[in-house]
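Residue numbers begin at 1 in each chain, while the letters A, B, ... track the order of the sequences.
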Amino acid sequence: MIGLVDCNNFYASCERVFRPDWEGRPLAVLSNNDGCVIARSNEAKELVEMGAPTFKIPPAARQQLILVSSNYTLYGDMSRRVTATLREFTPDVEIYSIDESFLGFDGFPLDGLIEHCCEMRRVVRRNTGIPVSVGLSTSRTLAKLANRRAKKDATFGGVCLMDSDGDETRAVLKDLPVTDLWGVSGRLGQRLAQLGIVNAWQLREADPKRIRARFSVVQERLVYELRGIDCIDTDDYGEPKKNIMTSRSFGRLSSDPHEVRQAIRAHAARGAEKLRKQGSVARAIQVHLKTNKHREDLAQYHPVLVVQLPHPSNDTRVIVGAAQAALKRVYLGGYRYMKAGVMMLDLAQADTLQHDIFDSPESDAERERSAKASAVMDELNRRMGSGTVRLGGTKGKADWKLKAELLTQRYTTRWDELPVAHLK
DNA sequence: TGGGAAACT
DNA sequence: AGTTTCC
């Protein structure tokens, strides 16, 4: 059996753990830059759409809503706590996202499994304050559907087991539009509809070979998954990323070349850090800038430039230098930039990399020096807080930083931001 | 008017 | 390189 544990309204729930006075009230969490709504408590769902731009929230709704900036330090730590509790209930925990984990229950007797998961749910709630729902079935896709039923229908008590066969499963699948399935959205849904496949049951009964021929191996797997056959390959969980992007909107529009350069240098430095963390080197990087496409009154410019690095590298100085050089080639004055980003491309594992056979001994020495310098920097930043050691021209607290005007405390990771209880 | 990653086309 | 999909 496979379980899918999904935290209910995760970000909103994290915010409420330390603000019991927000219990039962409509609460929405805003994106980076306070730009749009990215999470809602149940009470907020009738007041505001997911993804709604903050400035478009009607005043009437806004008055009732508690709005907060996203507090990723808090959510990341709460997520870690939830996962730690899940591990007490099965050793096989596969983190799928910040608020979802797949659990393997191989070897667990089917008999007490639901009760086991109910207990898990209670303990997660007790340990972390976060409510979760559990879906159980024999494939990830069905576990996900079971989870959704557990969420929707309170009579399940938060845990729903869906058989891979039987009348009930059949009824559920018949009732489910294909576009509600994991991995099927608008476009694919339209193409499936052309074959007369509009609900999940029809897809389950389709000929996998035919589906593979018309679509791809991913959709073929989906057919098997709907039949309860586990066939999503999870070997690539925990594998190093194949590319790494760091990008961010400016808090406002910027036409200051120094500011743009600072941002690009900081993103590049962050990218190099991420490379080292997963033991990769990049063979190329990409730099991009964007103006605000919503502002039709302003001139638009969206340059993208890929540059090959002379040697694969994860050295902050090399990456930052290359990014800045790339920026220099595409930057044009006179535009008001909205966003800047740097991507690490064509990644390879640092330790298995075939060194350039024309490399001289000096460059070997240089490579070692560079690795040492980076390691010291990473260690200092890990121990003393990120941003303690930076390359010049990558200001940490810069003007181009995000807007987050409604930030809550980092209750669980900062001594000076601990929650305080007032006793009467 | 989010940010990040992957796979497909 | 752009699009689609996920969270």
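Remark: His302(A) pairs with Thr291(A), Gln300(A) by the side chain to side chain donor-acceptor pair (under 3.5 Å) rule, at least two apart or across chains. Residues passing the salt bridge (charged side-chain N to carboxylate O under 4.0 Å, His left out) test with Arg121(A), sequence neighbours excluded: none. Residues satisfying the salt bridge (charged side-chain N to carboxylate O under 4.0 Å, His left out) criterion with Arg227(A), sequence neighbours excluded, are absent altogether.
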For nucleotides 4-7 of chain C, print each protein N/O atom paired with a nucleotide N/O atom at under 3.5 Å, atom names and distance only.
| unit_1 | atom_1 | unit_2 | atom_2 | d |
| --- | --- | --- | --- | --- |
| dT4(C) | OP1 | Arg187(A) | NH1 | 3.0 |
| dT5(C) | OP1 | Ser185(A) | O | 3.4 |
| dT5(C) | OP1 | Arg187(A) | N | 3.3 |
| dT5(C) | OP1 | Leu188(A) | N | 3.4 |
| dC6(C) | OP1 | Gly183(A) | N | 3.0 |
| dC6(C) | OP1 | Val184(A) | N | 3.3 |
| dC6(C) | OP1 | Val184(A) | O | 3.4 |
| dC7(C) | OP1 | Lys144(A) | NZ | 2.6 |
| dC7(C) | O3' | Ser97(A) | OG | 2.9 |
| dC7(C) | O3' | Asp99(A) | OD1 | 3.2 |
| dC7(C) | O3' | Glu100(A) | OE2 | 3.4 |

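Of all non-hydrogen atoms in Leu86(A) and Ser101(A), the two that sit nearest each other are CD1-CB, 4.0 Å.
Using a 4.0 Å cut-off, no side-chain N or O of Arg295(A) falls inside it from OP1 or OP2 of dT1(B). Side-chain nitrogen and oxygen atoms of Lys339(A) include none within less than 4.0 Å of the OP1 or OP2 phosphate oxygen of dG2(B). Using a 4.0 Å cut-off, no side-chain N or O of Thr246(A) falls inside it from OP1 or OP2 of dG3(B). Distances shorter than 4.0 Å separate some side-chain N or O of Asn292(A) from OP1 or OP2 on dT1(B).
Residue pairs meeting the ring-ring contact (aromatic ring centres under 6.0 Å, His included) criterion with at least one partner in residues 17-44 of chain A, sequence neighbours excluded, are Phe18(A)-Tyr411(A).
Considering only the side chain of His294(A), dT1(B) comes nearest among dT1(B), dG3(B), dA5(B). The side chain of Ser247(A) has dG3(B) as its nearest neighbour among dA5(B), dG3(B), dT1(B). Here dC8(B) is the nucleotide among dG3(B), dT1(B), dC8(B) with the atom lying nearest to any side-chain atom of Ser216(A). When each of dA1(C), dG4(B), dA6(B) is scored by its nearest atom to the side-chain atoms of Val306(A), the top-ranked nucleotide is dA1(C).
Looking at heavy-atom distances under 4.0 Å, Lys293(A) makes no contact with the nucleic acid at all. Within the nucleic acid shown, Ile244(A) comes within 4.0 Å of sugar-phosphate atoms alone, with no base atom in reach, counting heavy atoms only.
By the 4.5 Å heavy-atom criterion applied to side chains, Met120(A) and Leu103(A) are counted as neighbours.
Residue Asn32(A) contributes atom CG, which lies 8 Å from atom P of dG4(B) at whole-angstrom precision. Spacing between atom CG of Leu275(A) and atom P of dA5(B) amounts to 10 Å, rounded to whole angstrom units. What separates NE2 of His288(A) from C1' of dG3(B) is a distance of 10 Å, to the nearest Å. Computed from coordinates, the Leu30(A) CG to dG3(B) C1' distance equals 15 Å when rounded to whole Å. In this structure, Lys241(A) places its NZ atom 6 Å from P of dA6(B), rounding to the nearest Å. When the P atom of dG4(B) is taken as reference, atom NZ of Lys290(A) falls 12 Å away, rounded to whole Å. The nearest whole Å value for the distance from the OH atom in Tyr75(A) to the P atom in dG4(B) is 16 Å. Atom-to-atom, CZ of Arg214(A) to P of dT9(B) comes out at 14 Å; the value is rounded to the nearest Å.
A residue-by-residue look at Lys56(A) and Val218(A) shows that Lys56(A) has its nearest nucleotide of DNA chain B further toward the 5' end. Comparing Met245(A) and Phe55(A) along DNA chain B, the residue whose closest nucleotide (by nearest heavy atom) sits nearer the 5' end is Phe55(A).
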Less than 3.5 Å apart, which donor and acceptor atoms pair up between the side chains of residues 143-150 of chain A and the rest of the protein, not counting sequence neighbours?
| unit_1 | atom_1 | unit_2 | atom_2 | d |
| --- | --- | --- | --- | --- |
| Lys144(A) | NZ | Glu100(A) | OE1 | 2.8 |
| Asn147(A) | ND2 | Leu4(A) | O | 2.8 |
| Asn147(A) | ND2 | Ser133(A) | O | 2.9 |
| Arg148(A) | NH1 | Asp180(A) | O | 3.4 |
| Arg148(A) | NH2 | Asp180(A) | O | 3.1 |
| Arg149(A) | NH1 | Glu168(A) | OE2 | 3.4 |
| Arg149(A) | NH2 | Glu168(A) | OE2 | 3.2 |

With a 3.5 Å cut-off and sequence neighbours excluded, list the donor-acceptor pairs that the side chains of residues 321-342 of chain A form with protein atoms.
| unit_1 | atom_1 | unit_2 | atom_2 | d |
| --- | --- | --- | --- | --- |
| Gln324(A) | OE1 | Arg265(A) | NH1 | 2.3 |
| Tyr337(A) | OH | Leu332(A) | N | 3.4 |
| Tyr337(A) | OH | Leu332(A) | O | 2.7 |

Using a 3.5 Å cut-off and no angle test, enumerate the donor-acceptor pairs between side-chain atoms of residues 44-57 of chain A and protein atoms at least two apart in sequence or in another chain.
| unit_1 | atom_1 | unit_2 | atom_2 | d |
| --- | --- | --- | --- | --- |
| Lys45(A) | NZ | Asn9(A) | OD1 | 2.8 |
| Thr54(A) | OG1 | Asp34(A) | O | 2.7 |
| Thr54(A) | OG1 | Gly35(A) | O | 2.9 |
| Thr54(A) | OG1 | Cys36(A) | N | 3.4 |

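Distance check on atom C1': dG2(B) versus dC6(C) gives 14 Å, rounded to whole Å.
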*Pairing of DNA chain B as dot-bracket, 5' to 3': ( ) intra-strand, [ ] crossing, | other strand, . unpaired, with Watson-Crick or G-U pairs under 3.5 Å?*
..|||||||
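Between the side chain of Thr138(A) and the backbone N or O of Ile229(A), no donor-acceptor pair lies under 3.5 Å. Panel note: side chain Asp346(A), backbone Ala284(A); no donor-acceptor pair is recorded below 3.5 Å.
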